[in-house]
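Data block below; observations after.
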Amino acid sequence: MVLVLALGDLHVPHRAADLPPKFKSMLVPGKIQHIICTGNLCIKEIHDYLKTICPDLHIARGEFDEDARYPETKILTIGQFKLGLCHGHQVIPWGDLDSLAMLQRQLDVDILVTGHTHQFTAYKHEGGVVINPGSATGAYSSINQDVNPSFVLMDIDGLRVVVYVYELIDGEVKVDKIDFKKTSTSNSAP
Amino acid sequence: MIADDDEKWLAAATSAVKQNAFYMQRAIDSNNLKDALKFSAQMLGELRTSKLSPHKYYELYIRASDELRSLEMFFRDETARGCSIAELYELVQHAGNILPRLYLLCTIGSVYIKSKDVAAKDILKDLVEMCRAVQHPLRGLFLRSYLAQVTRDKLPSIGSELEGDTETHMDALEFVLQNFTEMNKLWVRMQHQGPTREKEKREKERNELRDLVGKNLHILGQLEGVDLVVYRDTVLPRILEQVVNCKDELAQCYLMDCIIQVFPDDFHLQTLDVLLGACPQLQPSVDIKTVLSGLMERLSNYAASSVEALPNFLQVDAFSKLNHAIGKVVEAQVDLPASASVTLYLFLLKFTLHVHSDRLDYVDQGFGIKPSEHGSCVSQLSATGKLCDDKASKQIVAFLSAPLEKFNDVVTILKLTNYPRVMEYLDHDTNKAMAIIIIQSILKNNTRIATADEVDALFELIKGLIKDFDGLTDNDEIDEEDFQEEQNSVARLVHFLYNDDPEEMSKIIFRIRKHILTGGPKRLPLTIPPLVLSALKLIRRMRGGDENPFGDDTSTPQKILQLLTETVEVLSDASASELALRLYLQCAQAANDCELETVAYEFFTKAYLLYEEEISDSKAQVTALRLIIGTLQRMRVFNVENRDILTHKATGYSVKLLKKPDQCRAVYECAHLYWAEEGENLKDGERAQKIADAVQKMANASRGASSTGSVSLYVELLNKYLYFLEKGNPQVTGETIQSLAELIRSETKKAESGAGTFITSTLRYMEFQRQQEDGGMSEKYQKIKMEWFE
C-alpha cells in the first residue's frame, strides 16, 4: 500500500493565506510516501512545508510559480503505475478532457495528474485516468466560479488504485472515493 | 586565614558554651537556682564576643538560645514551687555583664508575662527598652531576636490560646513595632562599621541577617487585632516611617518587599496611596521597579483569584494611583535608564490587562500622554527620542506584544490611539519585527479586519514593512530571502481584510491600494497580485448579488476593473512584465464574465502590448502566448470583429516564435480559437482546418533540420485532427487523416523517431473508437482506412 498525495493550485500568497487548518491537521508527516503537486504553490515557504510532509516531492510548473526551475511535465513510476504530472495551463482548451487525453497518450502514462481548473475531477477514458485534485486552498479561479478546497490521496496497491478526494464544504471535510484497476498487460482501463 | 581563625574561635566558644550548659543543667537538676544562674550567665558570656562573623555568631547564638529553653522551663517550675517572679526578676539583674543579664531578663520576663501577675504590657515595655543598652549592632540584633522569639507565643496572635481585648492587642503591637524599629536601626548601623573597602563584604553579611529583622513583620502579620483599620492607621505608617528614615538601600529594598509579601492583598489595595507614597522617598539606588512590579504582580494574582475583589480595584482607583506613582518615581530618579522606565510601564500594562481587561481606556492611557498628570510611556520616550538602546527596545516590544497576547485580536489593538505612537520610537528593524508580530497575530487568530478605517489604522502600524523608511532605501542592508518573507506576510494579510458588504469591501480595496502603491518597485510585484485577486473576488460577488443600484460610484465592477487597469500598469513599469501580463488576462476574464466587452478588449490590448515589447525570453514567450490563447479561447463577450483582430494577432505571434516546434504547437492551438464548443457562430471549421494545414506545412519545412522532432509534431497534429473530427468539423475528412498518417509512417521508416509510444497509443485509441458501439463515433473512424499499420 503506497500513499500518494496529489494537490496543487494553492496560490499562496496571491489568492490564499494558507491551507485550511482542517487540511493541515490531516497532512501529518511520515504517513505519505510521495507527493505529486500540479503547481502554482507559489512560494518557497509552501515548497518547504510540503517537503516536511514527505521528502519525495514532485512538482510541475504552474504559470504563477516563483521558481522557474520546475519542469513543464514529469513522469514517474510508482508500483505498477506510470504517473504523469502537468499543471494544465499548457493544454488548450483548458480543462478539455479530450485534449488532456491526448497529453496522456503522448506521455504514455496510466494516470495523468493535472490542475489549473481548481475543480476536482477523476475521469476514466480509453487511455487511462485523468485526475485533477482541485485547489488545496480553494483559491479563486477565472475558470471555475465555485471553488471548494480539495486534495486527493491515492492508495496504490498492485494493479489497483483507490482515489480518495477530500473536499472542504461549508467548513466540513467530505470524503469520496473512486476505484480504478488496470489490466496487467496494457495501459488501458477495462 | 581569617576563615580558619573564625572556625577556631567558634569552636572555642562553642565548647565553652557546652561546658557551661552542662553545669547549668546539673544545677537545674538539683534545683540549685544560684548555680543555675551563675553558669547560665557564664554561658551567655560567650555571646559577648566580637571576634565572630555574623554567620558564625549565629551558630553560637543558636546553641546558646537552645540551652536557655531548659532554663526557661526551670524558671517556670520554680515559680510554680512558690518562688516569686518579682524576686527572680531581681536576681537575674545581678549578673555581671550586661549582655548575659539582658538575655536572662528576657527569659524570665517571658515567664513573668505568662503568669499574668503583672500587666504584660509593662514587662514588654521594660524589656524592649532595656535592650537598648546593647548598641553593638550584631549583638544587639541577636539579643532582640531572642526577645522576639521568646515572647512570641505570649502575644495574642491568630491561633494562639491567648485572647485579649483591644488594649492587649495594641500593647503587643506596640512592643513588636518598637522591637522592629530598634532592630532595623542596628541592622542599618552595621553598614557603617569598618573600612569602606569592605563595603561589599558587609552588605553580604547584612543580607544574611535580614530575616532577623523581617521576622518582626511576620509576627505583626500574625497578631490578633491587626485589621485593616489598625494596619492602615498604625502599623503601616510606623513601618514606613522607619523604612524611609533609615535611608539605607539594602533595608529599604528588603523591607518594602517584605511588607508586600507579608500583609494581605486587600490591605494593600486599601492602603495603596500610603504604600506608593513612600516610593519616591526611598533612596535613589533602590530598585523601585522590583518593588512596584512585585506589588503589581500580587495585585494581579489577587484579581485573578477572587472575582469579588475586582470592584474594589475600581473603587480605590488602583490603576490611576499606580500610574501616578510610576510617574513620580520616574520623575524623581532622573538617571533612570529608558529600559527601566519602560519596564515599569510594562508591569503596569500587565496589571491593567489582568485586572481591567475590559477597560480599553486604561490600556490606552498606559500608552498615551495625559497632559495633566505625570508620565506615561509615550511622554517618557519623547524625551529620549528614537531608541537606540537594545534593552529598552526589547522591553518596548514586550510592551506592545502584551495586549496582543491578551486580547488575541488586532482589531482591539487598533482602537488604542496611542499604540502607533509607541511604535514610532522603535528603530527601523525592531519596528518591522513588531509589524510582523502583529501580522502573525492576525494570521494565527484568523482576525478579520472589516472596515476601511481599520485597514488604514492597521497599515499605519505596519508601515515599516509597506514602504521605505523616511525616504531612504535600504536595499543593500536587507537579506533577499528575509525581504521576500516579509512581503509575503503582507500579501497573506490582504486576505484577512474583508467585508461581506460589497460597498465597504470596495472601499477597503481602494485603501489597500493606496497604501501598497507607496511600496516602491521592489515591493509591488509581491503586494499587488493579492490586491488584484481580492478585487476580482469582489467583482465576482458583485455579479452574484442583486442588480440594485450601488450607493457609491466606486462600487461597480466597472469602476473596480478600471482601478485594476491602473494598478497592474504600475507593475509593468516595475519590470514585472510577465506577472503583469498574467494579471491582465485574469482581469480580462473577469470583464468577460461581467459582459464588459470594451473593458475586456482593453485588457487584451495591454497584454498584447506587453508581449510585444517586454517579453523577449523565448521560453517566457511560449508560456505567455499559451496563456493568451487559452484565455482568448474562453472569451464569449467579443463581437466577431474584435475576436478576429485578437485571434489574428495571436496567430501572428505564434508564427514568430523562436523555435519551429514551438511555432507549430502554438499555431495548432490557435485552431481552437476558431472552434469553441458553445456557440455555433464560433465554429469556423474552414479556418480551423486552414490553421492545421499551415501547421503541417511548417512541420514539413522543419523536416530537414531534425526529423525526430517533426515526427512527434506530426503525431500531435494527427491527434488534433482526430479531435476536430470527433467534434464534427466537416473539413476534417478521412483522407486528411490518412495522408498525414502515411507521412508519419514513412518518416518512422527512415529513422528512429522517439515518438513510438505516442504513435502506438494513438493507433490504439483510433482502433478503440472504431469499435465503439454507438454508431456516430465509430462511423467517423471507419472512414479512415487503417491497413497501412501492422
Side-chain angles (χ1 to χ4, degrees), chain A residues 11-18 20-21 40 42-46 48 61-66 68 72 75 82 87-99 101-109 116-117 125-128 137-147 186-189, chain B residues 443 446 481 484-485 487-496 526 529-530 532-534 536-537 540 544 578-579 582 585-590 592-593 619 623-624 626-627 629-631 633-634 669 672-673 676-677 712 715-716 719-720 722-723 726-727 755 757-758 760-762 764-765 768-769:
Chain A
H11 287 281
V12 174
H14 295 169
R15 307 187 194 185
D18 204 353
N40 276 343
C42 308
I43 51 178
K44 185 171 170 297
E45 278 101 301
I46 298 295
D48 294 339
R61 182 155 176 254
E63 80 274 32
F64 280 99
D65 272 314
E66 179 184 81
E72 298 283 321
I75 300 176
K82 267 181 87 177
H87 176 249
H89 66 270
Q90 303 92 332
V91 178
I92 293 168
W94 290 336
D96 180 77
L97 290 166
D98 294 314
S99 301
M102 168 181 151
L103 177 63
Q104 185 152 12
R105 289 196 285 277
Q106 187 170 10
L107 298 177
D108 191 37
V109 292
H116 189 54
T117 62
H125 62 99
E126 177 274 336
T137 54
Y140 169 91
S141 161
S142 49
I143 303 171
N144 182 3
Q145 303 283 329
D146 192 15
V147 184
S186 74
N187 284 347
S188 59
Chain B
L443 297 183
N446 211 2
E481 245 189 68
Q484 298 241 339
E485 267 189 54
Q487 297 306 313
N488 283 334
S489 293
V490 177
R492 286 190 217 223
L493 174 64
V494 172
H495 303 289
F496 292 87
L526 298 161
V532 172
L533 269 310
S534 192
L536 292 180
K537 275 195 248 190
R540 181 169 283 171
E578 290 181 50
L579 182 58
R582 284 153 174 71
L585 293 176
Q586 293 283 331
C587 291
Q589 294 192 67
N592 175 70
D593 296 341
K619 257 193 93 184
T623 312
R626 276 222 177 105
L627 295 172
I629 297 173
T631 311
Q633 196 267 340
R634 294 174 54 83
E669 268 154 21
H672 289 282
L673 293 175
E677 284 305 288
S712 195
V715 185
E716 287 176 38
N719 275 273
K720 279 293 169 187
L722 294 175
Y723 177 90
E726 289 182 21
K727 300 295 179 200
T757 43
F758 196 7
T760 317
S761 50
T762 310
R764 189 195 65 225
Y765 174 67
F768 178 81
Q769 293 293 66

Looking at [options], which makes the most heavy-atom pairs under 4.5 Å with chain A?
| options | value |
| --- | --- |
| B:E669, B:E716, B:K720 | B:E716 |
| B:T760, B:L493, B:T631 | B:T631 |
| B:R582, B:K619, B:Q769 | B:R582 |
| B:T762, B:L627, B:L722, B:I629 | B:L627 |

Partners passing salt bridge (charged side-chain N to carboxylate O under 4.0 Å, His left out) against B:R634 (at least two apart in sequence or in another chain) | none
In Å and rounded to the nearest 0.5 Å, what is the CZ to CG distance from A:R15 to B:L533?
-> 4.5 Å
From NE2 (B:H672) to CG (A:D96), nearest 0.5 Å = 7.0 Å
Distance under 6.0 Å and angle within 45° of the ring axis: does A:R105 meet both against B:Y765?
-> yes
Counting only non-hydrogen atoms closer than 4.5 Å, does [X] touch chain B with its backbone (N, CA, C, O), its side chain (CB onward), both, or neither?
| X | value |
| --- | --- |
| A:V12 | side chain |
| A:Q145 | both |
| A:E45 | side chain |
| A:L107 | neither |

side-chain contact (heavy atoms from CB on, under 4.5 Å) assessment of A:D98 paired with B:K727 = CA-CA 10 Å; A:D98 294 314; B:K727 300 295 179 200; 2.9 Å; yes
B:R492 side chain to A:A16 main-chain N or O, any donor-acceptor pair under 3.5 Å?
-> no
Donor-acceptor pair, B:H495 side chain versus A:P13 backbone, under 3.5 Å?
-> yes
I'd like to check [X] versus [Y] (side-chain heavy atoms, cut-off strictly below 4.5 Å). Are they in contact?
| X | Y | value |
| --- | --- | --- |
| B:R540 | A:D146 | no |
| B:V715 | A:Q106 | no |
| B:L579 | A:F64 | yes |
| B:L536 | A:Y140 | yes |

Under 4.5 Å, counting heavy-atom pairs only, tell me which of A:A101, A:P93, A:A139 racks up the most with chain B.
-> A:P93
Among A:Q104, A:K44, A:R61, A:H89, the residue with the most heavy-atom pairs under 4.5 Å to chain B is A:H89
Carboxylate-amine/guanidinium proximity below 4.0 Å for A:E126 and B:R764 | yes
Considering all heavy atoms, the nearest A:S142-B:Q589 contact = OG-NE2, 3.0 Å
Contact class of B:D593 relative to chain A, heavy atoms under 4.5 angstrom | side chain
